[in-house]
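Remember, it's 1-based here, ligands and their atoms both numbered in the order they're listed.
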Amino acid sequence: MHTESIVDGPGIRLSIYVQGCPHHCPGCHNPETHDPAGGYKAGLGEVTALLDRHSDGLNGVTISGGEPFEQAAPLAVLAAEILKRGLDLVLYSGYTFEELFSKSKSNRDIRFLLEAGRLLVDGPFILDEQDLDLAYRGSRNQRLIDLPVSLRSCEAVEWELAGSFDSGSQAQGFSLAP
Ligand code: SF4
């Protein structure tokens with residue numbers, strides 16, 4: 001878990017790396033997060049205490065991995081705590097927006113997580129499309145998805161890099177120990 005970051009989304013962010021990822025992208029920069037049995041368990045209280053300790057000057061929280069949407073239920077609870085503190089939420093996923101949107105129709109935790117998020121960096125890392133100049137992502141296939149706008153229009157709408165998080169947010173809503 002990292003406590004401060006300026007590379008995982010706009011502003012100063014707390015980055016949380018969840019454990020377990022089914023995508024196994026060749027060239028992944030976080031291979032130690034792949035094993036779902038690895039890492040350590042953290043209780044919700046432990047994570048919210050961390051949020052409160054680092055709240056000064058913090059713009060938001062980024063949940064990355066690993067694959068966050070494999071742990072949608074506990075992360076939905078955490079997302080609610082993040083939004084309650086007035087912080088924005090950026091999510092990373094090896095799934096595309098279209099795949100997650102489809103899953104969200106039968107999984108309310110995934111739906112909640114998408115609704116809680118401001119930005120989704122989507123899709124697997126593809127080594128052949130690696131580009132070190134991209135903001136917040138590693139390969140050209142990955143997109144910065146404006147979640148509130150995309151959910152309203154039921155299709156992926158990319159976020160304008162020059163934009164801010166000030167408008168359009170519909171804020172409402174690790175391995176966390178059960
Ligand atoms: S989705 Fe992310 S964490 Fe998972 S293998 Fe791909 S790059 Fe690594």
Original post:
Can we say R143 and E155 salt-bridge, meaning some charged N sits less than 4.0 Å from an Asp/Glu carboxylate O?
Top reply: no

Original post:
If you count the atoms of ligand 1 from 1 in the order shown, which ones are under 4.0 Å from a heavy atom of F125?
Top reply: 7 (S)

Subject >> Between OG1 on residue T33 and CD on residue E67, distance to nearest 0.5 Å >> reply: 10.0 Å

Original post:
In terms of heavy-atom contacts, does CZ of R140 have more than 12 from other residues, nucleotides or ligands at under 6.0 Å?
Top reply: yes

Original post:
For atom 4 (Fe) of ligand 1, what's the nearest protein heavy atom and its distance?
Top reply: C21 SG, 2.3 Å

Original post:
Which atoms of ligand 1 have any heavy atom of G66 under 4.0 Å away?
Top reply: 3 (S)

**OP:** Among all protein heavy atoms, pick the one closest to atom 8 (Fe) of ligand 1 and tell me residue, atom and distance.
**Re:** C28 SG, 2.3 Å

Original post:
Taking the inter-plane angle between the rings of H24 and H34 on a 0 to 90° scale, is it parallel (under 30°), tilted (30 to 60°) or perpendicular (over 60°)?
Top reply: perpendicular

Subject >> Cation-pi geometry met for K103 and F69 (6.0 Å, 45°) >> reply: no

Original post:
Any protein heavy atom sitting closer than 4.0 Å to atom 2 (Fe) of ligand 1?
Top reply: no

**OP:** Consider ligand 1: state whether an atom of it lies below 4.0 angstrom from any non-hydrogen atom of P124.
**Re:** no

**OP:** Determine whether the side chain, the backbone, both or neither of H29 has a heavy atom under 4.0 Å from any heavy atom of ligand 1.
**Re:** neither

Subject >> side chain to side chain contact (heavy atoms under 4.5 Å, CB included) partner of I145, chosen from L100, V121, L114, L120 >> reply: L120

**OP:** Going by the side chain to side chain contact (heavy atoms under 4.5 Å, CB included) test, name the single residue among V61, V18, L44, L89 that passes it with L78.
**Re:** L44

Original post:
Within less than 4.0 angstrom of ligand 1, does E67 place any heavy atom?
Top reply: no

Subject >> Distance (rounded to the nearest 0.5 Å) between F97 CZ and L144 CG >> reply: 14.0 Å

**OP:** Could you list which atoms of ligand 1 come closer than 4.0 Å to a heavy atom of H23?
**Re:** 1 (S)

Subject >> atom 6 (Fe) of ligand 1 - nearest protein heavy atom and its distance >> reply: C25 SG, 2.3 Å

**OP:** Answer yes when R137 and D122 have at least one side-chain N-carboxylate O distance shorter than 4.0 Å, and no when they do not.
**Re:** no

**OP:** Below 4.0 angstrom from a heavy atom of H24, which ligand 1 atoms are there? Numbered from 1 as shown, please.
**Re:** 5 (S)

Original post:
Going by the atom numbers of ligand 1, which of them fall below 4.0 Å from some non-hydrogen atom of G94?
Top reply: 1 (S)

Original post:
Considering only heavy atoms of H34, which atoms of ligand 1 have at least one such atom less than 4.0 Å away?
Top reply: 5 (S), 8 (Fe)

